[in-house]
Amino acid sequence: MSAFKPFILITLSLLLINCGNSESNTINFSIRTNVKDNVVKLGETLKLSIDNPDNIDITKISYNLNGTSISETTDIKNQRLGLQTLTATINYGDSKKDISTKITILNNERPKIYNYKIVNQYPHDITSYTQGLEFYNGELYESTGQYGESKLRKVDYTTGSVLTNISLANQYFGEGLTILDENIYQLTWRENTGFVYDVESFEKTSSFKYGQSKEGWGICNDGTTLYKSDGTENIWLLNPETLTEDSKIQVYTNKGKIVGLNEMEWINNRIYANRYQKNGVAIINPNNGAVEGVIDFSPLRKLVTQHQGLDVLNGIAYNPESKTIFVTGKRWDKLFEVEIFEK
């Protein structure tokens with residue numbers, strides 16, 4: 001019998017430990033908020049409390065929103081929009097327990113409506129399935145899509161002439177592009193791969209893989225950081241040195257999230273993003289993801305040659321020399337120079 005004593009002692013110890021864990025796990029705390037469906041807008045006050053149906057003696061409660069400490073009564077001001085994680089750390093007796101819930105933060109203002117005026121129109125390659133468009137040092141660069149047709153090119157926008165052109169391998173579907181510090185960054189769609197080229201020679205210098213984002217859609221930069229869309233409401237912030245997705249913003253209005261964010265351009269400290277299949281552009285605050293304005297470009301499609309392969313608006317570029325915006329679409333034969341103004 002003596003041989004079984006150590007076994008019995010170990011078994012009893014494990015039972016006691018499991019009983020302790022079981023007791024902790026059965027304590028039924030939950031976070032309560034003062035807002036309906038856990039949806040709060042910027043400028044509103046979020047009030048927090050703990051539901052404690054077992055009347056456990058709680059000695060301390062601390063809250064954090066996405067890892068940042070907040071009080072039980074917090075004015076929602078500078079937080080990023082979208083679905084966020086709210087965590088409570090609860091101390092009771094000699095124990096501590098973390099519980100979490102999700103809250104949605106919306107903008108507190110409706111997007112402004114903008115209109116446009118056509119300043120000029122220029123010829124554009126009708127075969128180009130435009131995915132990315134950007135000016136750099138006065139010259140226009142374009143990325144095109146479709147398997148077996150994807151290209152990276154520099155064009156003379158006044159004539160439509162192609163000045164430099166390289167084709168992607170057939171297994172890649174080209175997407176957005178942006179240029180920073182003499183490097184062209186070009187995305188591909190579902191291949192989880194981006195390419196980096198020298199802006200002068202078009203020589204491919206490196207490639208990179210995506211992180212949490214599974215697809216490549218649009219990309220732009222603010223002179224320091226790369227911003228990448230993936231067709232959802234998310235815009236990922238990339239370090240141009242490591243090309244890792246360091247963080248993200250979620251694009252929301254005062255009513256909900258905006259998905260299908262496609263080709264993007266950085267204009268006057270805002271992100272202008274084409275919305276796939278919408279023939280419009282959202283003007284986004286890069287600090288919190290708020291849609292501050294929208295531009296309806298749908299009438300432009302009627303001004304281009306109508307043909308079987310004609311597709312949606314996609315491609316927006318800002319020319320800092322003229323301070324005007326250039327837009328085109330997939331297999332459009334025109335590039336439009338426009339000025340925008342609030343209605």
Side-chain angles (χ1 to χ4, degrees), residues 120-170 172-180 182-189 191 193-204 216-221 226-229 261-267 271-274 276 279 281 297 300-301 304-305 307 309-322 324-338:
N120 279 305
Q121 48 187 291
Y122 306 97
H124 180 255
D125 184 355
I126 199 171
T127 68
S128 288
Y129 195 82
T130 304
Q131 300 287 67
L133 203 66
E134 187 164 300
F135 279 96
Y136 186 74
N137 290 339
E139 297 182 300
L140 186 63
Y141 295 77
E142 183 174 12
S143 173
T144 72
Q146 293 293 340
Y147 293 109
E149 301 178 22
S150 295
K151 300 176 179 66
L152 174 66
R153 51 178 42 172
K154 179 168 68 174
V155 300
D156 180 341
Y157 74 89
T158 62
T159 65
S161 300
V162 178
L163 304 177
T164 310
N165 182 89
I166 60 171
S167 297
L168 275 66
N170 289 343
Y172 293 109
F173 191 117
E175 287 284 347
L177 69 78
T178 195
I179 305 168
L180 176 63
E182 305 296 312
N183 292 313
I184 302 174
Y185 299 87
Q186 183 186 33
L187 303 177
T188 64
W189 183 25
E191 291 70 54
T193 301
F195 298 116
V196 185
Y197 308 85
D198 177 82
V199 72
E200 294 298 331
S201 66
F202 273 39
E203 177 186 357
K204 187 187 299 180
W217 284 48
I219 188 169
C220 66
N221 77 85
L226 303 176
Y227 296 80
K228 173 186 176 294
S229 66
L261 301 171
N262 206 358
E263 214 271 301
M264 302 191 299
E265 181 80 353
W266 185 270
I267 304 174
I271 296 172
Y272 283 55
N274 285 268
Y276 184 56
N279 290 304
V281 167
F297 283 119
L300 291 180
R301 185 167 175 171
V304 302
T305 299
H307 62 99
L310 186 68
D311 212 322
V312 295
L313 175 94
N314 202 42
I316 178 167
Y318 178 70
N319 188 340
E321 296 178 0
S322 61
T324 51
I325 294 171
F326 289 68
V327 293
T328 189
K330 303 180 182 192
R331 299 198 172 108
W332 288 21
D333 65 348
K334 291 180 182 177
L335 172 71
F336 296 94
E337 182 181 3
V338 301

*Partner residues of Ser128 under the side-chain contact (heavy atoms from CB on, under 4.5 Å) criterion, sequence neighbours left out*: His124, Asp125, Thr130, Glu142, Thr144, Arg153
Does any non-hydrogen side-chain atom of [Y] lie less than 4.5 Å from one of [X]?
| X | Y | answer |
| --- | --- | --- |
| Phe202 | Ile184 | yes |
| Tyr318 | Tyr272 | no |
| Glu191 | Tyr147 | yes |

Please report the interatomic distance [atom1]([X]) to [atom2]([Y]), rounded to the nearest 0.5 Å.
| X | Y | atom1 | atom2 | answer |
| --- | --- | --- | --- | --- |
| Ile166 | Phe195 | CD1 | CZ | 9.5 Å |
| Leu313 | Asn279 | CG | CG | 5.5 Å |
| Thr328 | Leu300 | OG1 | CG | 9.0 Å |
| Ile325 | Ile267 | CD1 | CD1 | 4.0 Å |
| Ser150 | Tyr172 | OG | OH | 11.5 Å |
| Asn221 | Lys228 | CG | NZ | 15.0 Å |

*Is the Tyr129 ring parallel, tilted or perpendicular to the Phe173 ring (thresholds 30°, 60°)?*
perpendicular
Which pair of non-hydrogen atoms, one from [X] and one from [Y], has the smallest distance, and what is that distance?
| X | Y | answer |
| --- | --- | --- |
| Ile271 | Tyr227 | CD1-CD2, 3.7 Å |
| Leu335 | Leu140 | CD2-CD2, 3.9 Å |
| Ser143 | Gly174 | OG-C, 4.3 Å |
| Thr193 | Thr188 | O-OG1, 2.6 Å |
| Lys334 | Val304 | CB-CG1, 4.0 Å |
| Met264 | Ala273 | CG-CB, 3.9 Å |

*Could you please spell out the steps behind the side-chain contact (heavy atoms from CB on, under 4.5 Å) verdict for Trp217 and Leu187?*
CA-CA 7 Å; Trp217 284 48; Leu187 303 177; 5.8 Å; no
If we ignore hydrogens and angles and just use 3.5 Å, is the side chain of [X] paired with the main-chain N or O of [Y] as donor and acceptor?
| X | Y | answer |
| --- | --- | --- |
| Thr324 | Glu337 | no |
| Ser229 | Asn262 | yes |
| Asp198 | Glu203 | no |
| Lys151 | Glu149 | yes |

Counting only pairs under 3.5 Å, give me each side-chain donor-acceptor contact of residues 131-139, with atom names and distances, residues two or more places apart or in other chains.
residue, atom, partner, partner atom, Å
Gln131, OE1, Asn314, ND2, 3.1
Gln131, OE1, Lys330, NZ, 3.2
Gln131, NE2, Glu175, OE1, 3.1
Gln131, NE2, Glu175, OE2, 3.1
Glu134, OE1, Thr178, OG1, 2.9
Glu134, OE2, Thr178, OG1, 3.1
Glu134, OE2, Ile179, N, 2.8
Tyr136, OH, Glu182, N, 3.3
Tyr136, OH, Glu182, OE2, 2.7
Glu139, OE1, Lys154, NZ, 3.4

*Could you go step by step and tell me if Leu168 and Gln186 meet the side-chain contact (heavy atoms from CB on, under 4.5 Å) rule?*
CA-CA 11 Å; Leu168 275 66; Gln186 183 186 33; 3.5 Å; yes
*Can you list the steps and then say if Tyr185 with Val196 is a side-chain contact (heavy atoms from CB on, under 4.5 Å)?*
CA-CA 5 Å; Tyr185 299 87; Val196 185; 3.8 Å; yes
*Given the rule in the side-chain contact (heavy atoms from CB on, under 4.5 Å) test, do Trp332 and Arg301 qualify, once you have shown the distances and angles that lead to the verdict?*
CA-CA 8 Å; Trp332 288 21; Arg301 185 167 175 171; 3.9 Å; yes
